[in-house]
Amino acid sequence: MHDRRQFLGTALGAGVGLLAARVSRAAEARIEVFPGEPIGTIAPEIYGHFVEHLGGVVYDGIWVGEGSRIPNVGGVRKDVVDHLRRVRASVVRWPGGCFADQYDWRDGTGPRARRPRRTNFWVDVREWPAGAGDGPQRYEPNQFGTVEFVRFCRLAGAQPYVAANVRSLSAQDFWRWVEYCNAPAGTTTTADQREADGEREPLAVRFWGVGNESWGCGGNFTPEEYAAAFRRYTAWLPWGGKLSLIGAGPNSGELDWTRRFFAAAEGRGRQHLWGWALHHYSWNASGGRTSDWRAGKSDALQFDPEQHYEILAEADRMESLVADHWKAMGETDTGHRVKLVVDEWGAWHKPGTEPFREALLGQQNTMRDALVAGLTLDTFQRHADKVGMANVAQLVNCLQSLFLAHEDRFCLTPTYHVFDLYAAHQGAQAVRAVFAAPRVSYTRNGQPASLYGLNGSASLKDRRVTLTVTNPGLDAPRETEVAVRGATVHSVRAATLAAPDVHAHNTFDDPGAVAPREQAVAASGASFVHRFPPASVTRLEMELG
Ligand code: AHR
């Protein structure tokens, strides 16, 4: 996609030449926000999360048990829900991931002491750290079932999004799970079962995933086979009209999966589809040297400038992925009734920085990851008319986490701080913004390469513009003139996440190494100049006059 961008950087629409000409002498870059050019309302669900029974996500990360000495609310780690409230977490996807197509929801019901133990999907993958035990991360004890999950969501202030098992359970199991969650009190055997599990009233689960990665761990389906399964699993569900059903969409750029599913599900199948779920991980830092899933990754902490820019370039692919899949969906869904959902995204680095041995796929989180988060959320917001939901993978102790948690130790990652900074966008009107900045140059496998210079997104709520900006460059700050078309800026507050070294990260022993800094910015009139530090994520909140 980068060849679409010219020397002056990201031009999100027309007028970049004009903008460049008007950059003030003091500034090398310019951002102009157009409050009169709305894109769409930013769905709060773009700020969604993902919780899978994988390594240390559920057991230890979230579920510590009611009898634990770790501060908890009904068995759920208190630090996690308190901080999720702070970032206004909107939705949580569960129980997987690949685990979802192995999970029998009945195992997670009934008295906890009598629930069965099962082999977890992830029991024997190569990525397990040496010496990891045979605990709940490998042998699922089912202490955290549907009721525990929905209570966790309530505590966090988020909506539940449940992924059903299409690979190894039947359509009948699916509708019975919906019934267990949503049947009115006292009406069915499953409603009685729910009441016995402590929840008399319906759990009101609206979002349901129909499988997960059905092209892979979810059953190795062809698009046509999956379309047939989707049709059958969704032809009738209790109170189906009130549910938002999400189809298992493509892996990154696999447009064929989108096109062929949409064509095969034409008519009766597609009428039940609310969202189409793309997955995209930023993992290949090799600069084109390999496409091997393991060899292509970089270390979460020890990465060089090329690996820094390559991971950001991987994340920046989200721009074209959203546009291309949206276009492919529109070839048959011509009215664009179906929303794009990105229910797994984030950086995926090499094993080796797990916060503890049982935290399979756990990894440290630096300013590089904060940039991945900022630039991805900005991309979704620039496409607020298309993206209905997104879920960063995964919430705690796994891949691009907001939290690291083990026993009585807890810390926030730089990615958490980005979610905190960006929460102000939720529910606001996304508006067009144009970024003009020299591209940043680097060496990719011995050849010259470049990435955008500054990028971001803007939204408007009442008379306040929220502008979020990422500066991917490792070496220099960006002196930038910021203007809001047709308005004067009355006052500005900046909050910046940056660190002297891009490798900076938080640990249990040093939890405050990376944290945002707030400052007032001198501004009055048509524009003002702001300096964006190297490798930084910034939020500017502007009150319009
Ligand atoms: O998030 C980890 C795994 O990545 C999920 O289980 C799967 O859906 C994806 O391949």
Side-chain angles (χ1 to χ4, degrees), residues 48-59 61-62 91-103 118-129 137-138 140 144 149 161-168 207-221 226 246-254 257 275-284 291-294 296-297 300 314-315 318 321 341-351 353-354 358-363 365 369 372-373 376 389-403 413 415:
H49 300 277
F50 173 34
V51 164
E52 176 166 6
H53 290 246
L54 193 179
V57 181
V58 171
Y59 300 107
I62 295 170
V91 60
V92 185
R93 175 175 183 247
W94 171 86
C98 294
F99 178 84
D101 280 293
Q102 176 217 359
Y103 182 59
R118 309 280 185 212
T119 309
N120 184 291
F121 175 89
W122 296 96
V123 67
D124 58 355
V125 294
R126 261 167 59 180
E127 282 77 3
W128 276 106
Q137 294 83 7
R138 275 192 157 116
E140 171 60 49
F144 191 81
F149 167 64
Y161 163 17
V162 174
N165 179 342
V166 170
R167 173 169 56 77
S168 57
F207 295 112
W208 289 87
V210 185
N212 167 75
E213 297 195 349
S214 302
W215 38 264
C217 64
N220 292 322
F221 290 90
Y226 177 61
I246 297 167
N251 182 29
S252 294
E254 287 171 8
W257 179 266
W276 181 238
L278 162 73
H279 288 181
H280 175 61
Y281 287 100
S282 305
W283 61 275
N284 194 339
S291 55
D292 182 89
W293 172 244
R294 290 189 171 90
K297 295 196 177 97
E314 285 261 290
M318 191 61 83
L321 292 174
V341 166
V342 187
D343 63 13
E344 289 186 31
W345 67 267
W348 192 323
H349 306 307
K350 261 191 190 146
T353 62
E354 297 83 356
E358 284 72 28
L360 175 67
L361 306 187
Q363 63 191 31
N365 199 291
D369 300 284
V372 167
T376 305
M389 187 197 288
N391 310 71
V392 62
Q394 299 196 11
L395 184 66
V396 48
N397 293 332
C398 184
L399 305 177
Q400 187 158 356
S401 298
L402 274 75
F403 312 114
T413 68
T415 295

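Count residues from 1 along the sequence. Counting starts at 1 for both ligands and their atoms, in listed order.
- Checking Y59 against Q137 by side-chain atom types alone, no donor-acceptor pair falls below 3.5 Å.
- Taking the six-membered ring for Trp and thresholds of 30 and 60 degrees, W348 and W293 have ring planes more than 60 degrees apart, a perpendicular arrangement.
- At a threshold of 4.5 Å between non-hydrogen side-chain atoms, the residues W122 and E52 count as touching.
- Of the protein's non-hydrogen atoms, E52 OE1, 2.7 Å is the one closest to atom 6 (O) of ligand 1.
- The aromatic rings of W94 and F144 sit perpendicular to each other, their planes meeting at more than 60°, with 30° as the lower class boundary.
- Here the heavy atom of the protein found nearest to atom 10 (O) of ligand 1 is E213 OE1, 2.8 Å.
- Every atom of ligand 1 is numbered from 1 in the order shown, and the set under 4.0 Å from a heavy atom of N212 is 8 (O).
- Shown in contact with Y281 at under 4.0 Å from a heavy atom are these atoms of ligand 1, numbered in order with element: 1 (O), 2 (C), 4 (O).
- Between V372 and E314 the shortest side-chain heavy-atom distance does not fall below 4.5 Å.
- Taking every non-hydrogen atom of Q394 and a distance limit under 4.0 Å, the qualifying atoms of ligand 1 come out as 1 (O), 2 (C).
- In this structure, F99 does not count as a contact residue of ligand 1, since none of its heavy atoms falls inside 4.0 Å of the ligand.
- Of the protein's non-hydrogen atoms, E344 OE2, 2.7 Å is the one closest to atom 8 (O) of ligand 1.
- Here is the list of ligand 1 atoms found below 4.0 Å of a heavy atom in L399: 1 (O), 2 (C).
- Of all the heavy atoms of W348, the ones lying under 4.0 Å from any atom of ligand 1 belong exclusively to the side chain.
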Q) Does the pair Q363 and L399 meet the rule for a side chain to side chain contact (heavy atoms under 4.5 Å, CB included), with working shown? A) CA-CA 6 Å; Q363 63 191 31; L399 305 177; 3.9 Å; yes
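- The proximity of W122 to ligand 1, defined as any non-hydrogen pair under 4.0 Å, is limited to the side chain.
- Any N or O atom pair closer than 3.5 Å counts here, and C98 shares at least one such pair with ligand 1.
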Q: Take S401 and T415 through the test side chain to side chain contact (heavy atoms under 4.5 Å, CB included) and record every step on the way to the result.
A: CA-CA 7 Å; S401 298; T415 295; over 6 Å; no
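- Close approach of ligand 1 to F50 is summarised as follows: ligand atoms under 4.0 Å from at least one heavy atom of the residue are 1 (O).
- V392 has its side chain within reach of H49: a pair of non-hydrogen atoms, C-beta onward, lies under 4.5 Å apart.
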